[in-house]
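These notes concern the structure reproduced below.
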There are 2 protein chains.
Amino acid sequence: MLTYAGHMSTPTLLPLAETEVCRAPLTRQPLDAEQAVDLARLLKALADPARLRLLSIVAASEGQQACVCDLTEPVGLSQPTISHHLKVLMEAGFLSRSKRGTWAYYALVPGALDSVATVLVTA
Amino acid sequence: MLTYAGHMSTPTLLPLAETEVCRAPLTRQPLDAEQAVDLARLLKALADPARLRLLSIVAASEGQQACVCDLTEPVGLSQPTISHHLKVLMEAGFLSRSKRGTWAYYALVPGALDSVATVLVTA
DNA sequence: CCACAATATCGACAGATGTCAATGTTGACT
DNA sequence: AGTCAACATTGACATCTGTCGATATTGTGG
């Protein structure tokens with residue numbers, strides 16, 4: 001689904017998180033090489049302090065969305081660096097981008113973080 | 001607790017996973033800089049295909065433990081590289097090591113993966 | 001059309017990371 | 001003691017990554 005107002009960017013790369021939703025916890029049976037690479041790609045996207053803060057700030061914002069100008073100051077990095085991190089999170093499927101006027105609003109992709117959490121859980 | 005048979009190695013670095021167990025999901029409120037660095041450190045330890053496979057193989061092994069010689073062949077990397085990855089996972093608090101004779105048995109630290117999963121979950 | 005504001009992209013650079021071969025350590029067994 | 005097996009550590013190397021300044025792109029408003 002994931003229909004948003006405004007112009008929805010079409011990511012050139014496939015949303016990685018989606019390919020990975022329906023996996024059993026990694027503690028149930030060994031992952032093969034391909035599954036490991038896919039999951040590692042998602043975790044790599046999350047494994048950065050700035051990106052984690054970006055995700056949490058977006059999640060805690062009004063309407064679960066925020067524009068770049070709202071994110072630069074609290075994280076304390078330059079605007080190009082923030083844009084870079086947002087792109088990484090988008091390509092991994094954790095964020096979506098909708099453009100309204102000059103502003104680009106980033107929002108959490110529902111279920112993306114949860115699918116990673118599900119794979120990690122031991123139960 | 002975490003009492004194991006055999007000689008239990010005492011990691012020189014504090015088990016990072018433990019410091020991080022009691023955090024609310026990152027989507028509830030923004031993480032501060034320190035929390036972000038801590039969580040990123042854990043995710044970095046997980047964000048590698050070889051290490052994910054190591055974790056899953058250990059978890060699926062008899063008694064949730066395996067020695068290095070059992071891990072080298074299925075992962076397809078050299079023994080020093082396997083030892084390196086196991087060390088990373090140990091220092092992050094995901095694996096523990098108990099030595100019996102010449103063999104070093106690695107085992108999942110109960111709850112370590114789950115605590116990361118809990119932080120990631122959206123609910 | 002022209003300036004300006006918000007983002008994105010590019011190029012460069014320092015530092016981190018994954019990998020292996022070589023070597024060191026430790027314990028078992030004769 | 002001596003040898004061998006399992007594992008850890010070291011050193012080196014290529015690659016990846018995070019960061020910024022500079023520049024390009026796109027949309028707004030005069």
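Reminder, nothing fancy here: chain letters follow the sequence lines and each chain counts from 1. As a basis for the values below, the full set of heavy atoms in this structure was taken, side chains included, without hydrogen atoms, waters or symmetry mates.
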Separation of atom [atom1] in [X] from atom [atom2] in [N], rounded to whole Å:
{"X": "A:K99", "N": "C:dA6", "atom1": "NZ", "atom2": "P", "value": "13 Å"}
{"X": "A:D48", "N": "C:dT17", "atom1": "CG", "atom2": "P", "value": "11 Å"}
{"X": "A:L54", "N": "D:dG18", "atom1": "CG", "atom2": "P", "value": "12 Å"}
{"X": "B:R53", "N": "C:dT19", "atom1": "CZ", "atom2": "P", "value": "12 Å"}
{"X": "A:L46", "N": "D:dT17", "atom1": "CG", "atom2": "P", "value": "14 Å"}
{"X": "B:R41", "N": "D:dG18", "atom1": "CZ", "atom2": "C1'", "value": "16 Å"}
{"X": "A:E73", "N": "C:dT7", "atom1": "CD", "atom2": "C1'", "value": "18 Å"}
{"X": "B:H85", "N": "C:dT17", "atom1": "NE2", "atom2": "P", "value": "12 Å"}

With a 4.0 Å limit, can you tell me whether [X] has a side-chain N or O closer than that to the phosphate oxygens OP1/OP2 of [N]?
{"X": "A:T81", "N": "D:dC20", "value": "yes"}
{"X": "A:R100", "N": "D:dG27", "value": "no"}
{"X": "B:S78", "N": "C:dC20", "value": "yes"}
{"X": "A:S83", "N": "C:dA8", "value": "yes"}

Heavy atoms only, 4.0 Å cut-off, all strands: where does [X] land among base, sugar-phosphate and nothing?
{"X": "A:Y105", "answer": "nothing"}
{"X": "B:H84", "answer": "base"}
{"X": "A:I82", "answer": "nothing"}

Which nucleotide in [options] has an atom nearest any side-chain atom of [X]:
{"X": "B:K44", "options": "C:dT7, C:dT17, C:dG18", "answer": "C:dT17"}
{"X": "B:A104", "options": "D:dC7, C:dT7, C:dT19", "answer": "D:dC7"}
{"X": "B:R51", "options": "C:dT19, D:dT19, C:dG18", "answer": "C:dG18"}
{"X": "B:P80", "options": "D:dA8, D:dT19, C:dT17", "answer": "D:dA8"}
{"X": "A:K87", "options": "C:dT9, D:dT19, D:dC7", "answer": "C:dT9"}

field: Along DNA chain C (nearest heavy atom to each residue), the more 5'-positioned of B:W103 and A:V68
entry: A:V68
field: Within 45° cone and under 6.0 Å: B:R97 NZ/CZ vs B:Y105 ring
entry: no
Spell out, as yes or no, whether a donor-acceptor pair under 3.5 Å connects the side chain of [X] to the backbone of [Y].
{"X": "B:E91", "Y": "B:V88", "value": "no"}
{"X": "B:S61", "Y": "B:I57", "value": "yes"}
{"X": "B:S56", "Y": "A:L31", "value": "yes"}
{"X": "B:K99", "Y": "B:A104", "value": "no"}

- prompt: Hey, does the side-chain of A:Q79 have a donor or acceptor N/O within less than 3.5 Å of a partner on the base of C:dA6?
  reply: no
- request: Ignoring hydrogens and angles, state whether a donor on the side chain of A:T118 or A:S115 is under 3.5 Å from an acceptor on the partner side chain.
  value: no
